[in-house]
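Contents: one structure, followed by commentary.
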Amino acid sequence: MGNCFSDVAGGRAAVGGSAAAASAAAGNDAVDHFLKSRGLYGSQIELSFSATNMRDRDVLSKSDPMLVGYTKGRDGTLTEAFRTEVVLNSLNPTWIAKHTITFQFEVVQTLVFHAYDVDTQFHNIDVKMLKLEEQQFLGEASCVLSEVVTRPSRSLTLDLVYREDPTIPGNPRRCGQLIVHAEECISSKTTTEMILKCSNLEQKDLFSRSDPFLLISKIVEAGLPIPVCKTEVLKNDNHPIWKPVFLSIQQVGSKENPLMIECFNFNSSGKHDLIGKVQKSLAELEKLHSSGEGEHLFLPTTVGHNYQNKVLKSQIFVENFSQSSRHTFLDYLTGGCELNFMVAIDFTASNGNPRLPDSLHYLDPSGRLNAYQRAIIEVGEVLQFYDSDKRFPAWGFGARPIDGPVSHCFNLNGSNNHCEVDGVQGIMIAYTSALYNVSLAGPTLFGPVISNAALIASQSLANGGRKYFVLLIITVRMR
């Protein structure tokens, strides 16, 4: 193990295979690893490309098209992500080269595609070495990855467009179509949950029992162990039962792939004592559970110039072994699930006078968005692609409408009958209008808004809807 941890608390926590990590603080690498190990986000998507009716820029033959893909940052900058091979003499190419991208539900992933006709003199040059300014531009297209994965067919057809002079305004000319197809790259969605225990562990500490934990590693082709998870440390326990360990087939390779399970005695210095170990595959661990028998740990020892495995009295048992299919977010989309976005905005007086620049509701004449507008845009732009009708309930709370009492849930659009608006832009328009038609008041109460959102969700469920409702409450943080 070596000096793998610098603090006792961090060293005793489970890593990568235990549900105990679920309560870790948000926004750190440990939580990211935990979520990814459960398939909750970060699915690998393989994109395939083809095109039809492309421009013909060659005189004596057809164009030789190549596709270049970019990711678009929030500041509008383009970063090249991939290049396909060159397809010779084709206006309807199907490229063999694929692009793999990590799908992140919480991010708007904008993709931009540029098509080029590669001149004959460059056909023997690796596409990565080509200078794009030396090739003839055929057209461009763009989309958001969410638009592709939410299609039932996982295919999206885009118009390729071309401007003779990008500096001259006007409608670009259509010059063919680009078809983008997405497939999820998970080879196995099977997850194994195990409860492991040991008995009669050797006492490594002088004045107390051992503080054991397990390190589970997969054995790769070169014979090297690659750690995949570590259990929590159990203090003063020579007969430990650890919390459930979760291992996906994706992590370990296959059920038959050998795993090295090592039991260590924890030391705060990081120099942990090896108590014993055993090598078993998931399939063999499943058999241990079925038989109810234990497996003796062994300890490598040196006898003269030879290495031998000393079999110990200590045993490891598999208390529980179960398998389940690990469904990803894309599985739910394929099954017909939609997301419905709802928003509620705080109009209490604690936000400050909207007419003054120090207010969170201040509408800057320069067009700069205030904090509420930024929240609406950043969340709404992610969720809008997962809602088929893009009609979003929008409310305000903590304000006094004209000639009325303080309301803790009023329709942002000013209607007495319906609360929905059209798209994210509809929310923005309704929010701006409400600022001119209500008086900020108080107190801050979430109950009525949550009750209305829950009512809409329950009605959808009662009608057989397969929808997941997301309520965004935007409120001022009290200091």
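Quantities reported herein were computed from a predicted structural model and do not represent experimental measurements. Computation of the quantities below employed the complete heavy-atom set of this structure, encompassing side-chain atoms and omitting hydrogens, waters and symmetry-equivalent molecules.
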Smallest separation among heavy atoms of [X] and [Y], with atom names:
X      : Y      : value
Leu234 : Pro212 : O-CD, 2.8 Å
Val112 : Ser142 : CG2-CB, 4.0 Å
Thr348 : Gly442 : CG2-CA, 4.0 Å
Ile45  : Ala182 : CG2-CB, 3.7 Å
Gln109 : Gln104 : OE1-N, 2.9 Å
His408 : Pro443 : CE1-O, 3.4 Å

For this session: Show the numbers, then the answer: is there a side-chain contact (heavy atoms from CB on, under 4.5 Å) between Ile249 and Leu282?
Result: CA-CA 9 Å; Ile249 300 299; Leu282 283 179; 4.0 Å; yes

[X] side chain vs [Y] backbone, donor-acceptor pair below 3.5 Å:
X      : Y      : answer
Thr301 : Gln308 : yes
Arg83  : Val127 : yes
Thr84  : Leu67  : yes
Gln203 : Ser208 : yes
Asn320 : Ile195 : no
Asp211 : Asn236 : yes
Ser314 : Asn200 : yes
Ser359 : His361 : yes
Glu262 : Leu274 : no
Arg154 : Val149 : yes

Measure the shortest side-chain to side-chain distance between [X] and [Y] over non-hydrogen atoms and say whether it is less than 4.5 angstrom.
X      : Y      : value
Leu472 : Leu383 : no
Leu196 : Thr231 : no
Phe113 : Glu140 : no
Phe49  : Ile179 : no
Cys229 : Leu247 : yes
Ser217 : Pro227 : yes
Ile316 : Leu297 : yes
Met66  : Leu132 : yes

For this session: Scan residues 191-203 for pairs that pass salt bridge (charged side-chain N to carboxylate O under 4.0 Å, His left out), counting only residues two or more places apart or in two chains.
Result: Lys197-Glu319, Glu202-Lys204

Exercise. Centroid-to-centroid, Phe266 to His272, below 6.0 Å?
Worked result: yes

For this session: Report yes if the distance between the aromatic ring centroids of Tyr468 and Tyr332 is under 6.0 Å, otherwise no.
Result: no

For this session: Apply the test side-chain contact (heavy atoms from CB on, under 4.5 Å) to residues Leu111 and Val148: give CA-CA distance (whole Å), side-chain angles for both, the deciding distance (0.1 Å), then the verdict.
Result: CA-CA 11 Å; Leu111 306 174; Val148 186; 5.9 Å; no

Just wondering, more than 12 heavy atoms not from [X] lying within 6.0 Å of its [atom1]?
X      : atom1 : value
Lys98  : NZ    : yes
Ile96  : CD1   : no
Arg391 : CZ    : yes

Please identify each residue that fulfils ring pair (Phe, Tyr, Trp, His ring centres under 6.0 Å) with [X], with sequence neighbours left out.
X      : result
Tyr386 : Phe105, Phe329
Phe321 : none
Phe317 : none
His99  : Phe82

Exercise. How would you list, by chain and number, every residue that makes a salt bridge (Lys or Arg N to Asp or Glu O under 4.0 Å) with Glu286, sequence neighbours excluded?
Worked result: Lys255

For this session: Taking salt bridge (Lys or Arg N to Asp or Glu O under 4.0 Å) as the test, write out the residues that go with Lys280, two or more places apart.
Result: Glu295

Listing, residues 447-460 side-chain donor-acceptor contacts under 3.5 Å, not counting sequence neighbours, or none:
{"from": "Ser451", "atom 1": "OG", "to": "Gly447", "atom 2": "O", "distance (Å)": "3.0"}
{"from": "Ser458", "atom 1": "OG", "to": "Ala454", "atom 2": "O", "distance (Å)": "3.2"}
{"from": "Ser458", "atom 1": "OG", "to": "Leu455", "atom 2": "O", "distance (Å)": "2.8"}

Exercise. Given Val233, which of Phe213, Trp242, Phe264 fulfils the side chain to side chain contact (heavy atoms under 4.5 Å, CB included) condition?
Worked result: Phe213

Exercise. Between Phe341 and Gln384, is a side-chain contact (heavy atoms from CB on, under 4.5 Å) present by the stated rule, with each step listed?
Worked result: CA-CA 7 Å; Phe341 177 45; Gln384 64 177 336; over 6 Å; no

For this session: Step by step, work out the side-chain hydrogen bond (donor to acceptor under 3.5 Å, both in side chains) result for Gln44 and Thr102.
Result: CA-CA 5 Å; Gln44 293 293 307; Thr102 300; 2.6 Å; yes

For this session: Please test Trp395 against Phe347 for side-chain contact (heavy atoms from CB on, under 4.5 Å), starting from the C-alpha separation and ending with a verdict.
Result: CA-CA 10 Å; Trp395 301 289; Phe347 283 89; over 6 Å; no

For this session: Carefully, step by step, assess Asn370 and Asp364 under the rule side-chain hydrogen bond (donor to acceptor under 3.5 Å, both in side chains).
Result: CA-CA 8 Å; Asn370 64 33; Asp364 195 325; over 6 Å; no

Any residue meeting side chain to side chain donor-acceptor pair (under 3.5 Å) with [X], in chain and number order, not counting sequence neighbours:
X      : value
Thr77  : Asp75
Ser388 : Glu338
Glu378 : Arg74
Ser48  : none

For this session: Look up atom OG in Ser350 and atom CG in Leu360, then write down how far apart they are to the nearest 0.5 Å.
Result: 8.5 Å

Exercise. In terms of the angle between their ring planes, are Phe397 and Phe446 parallel, tilted or perpendicular, with boundaries placed at 30° and 60°?
Worked result: perpendicular

Problem set entry | Verdict with reasoning, Ser155 to His181, per side-chain hydrogen bond (donor to acceptor under 3.5 Å, both in side chains) | CA-CA 4 Å; Ser155 292; His181 181 73; 2.6 Å; yes

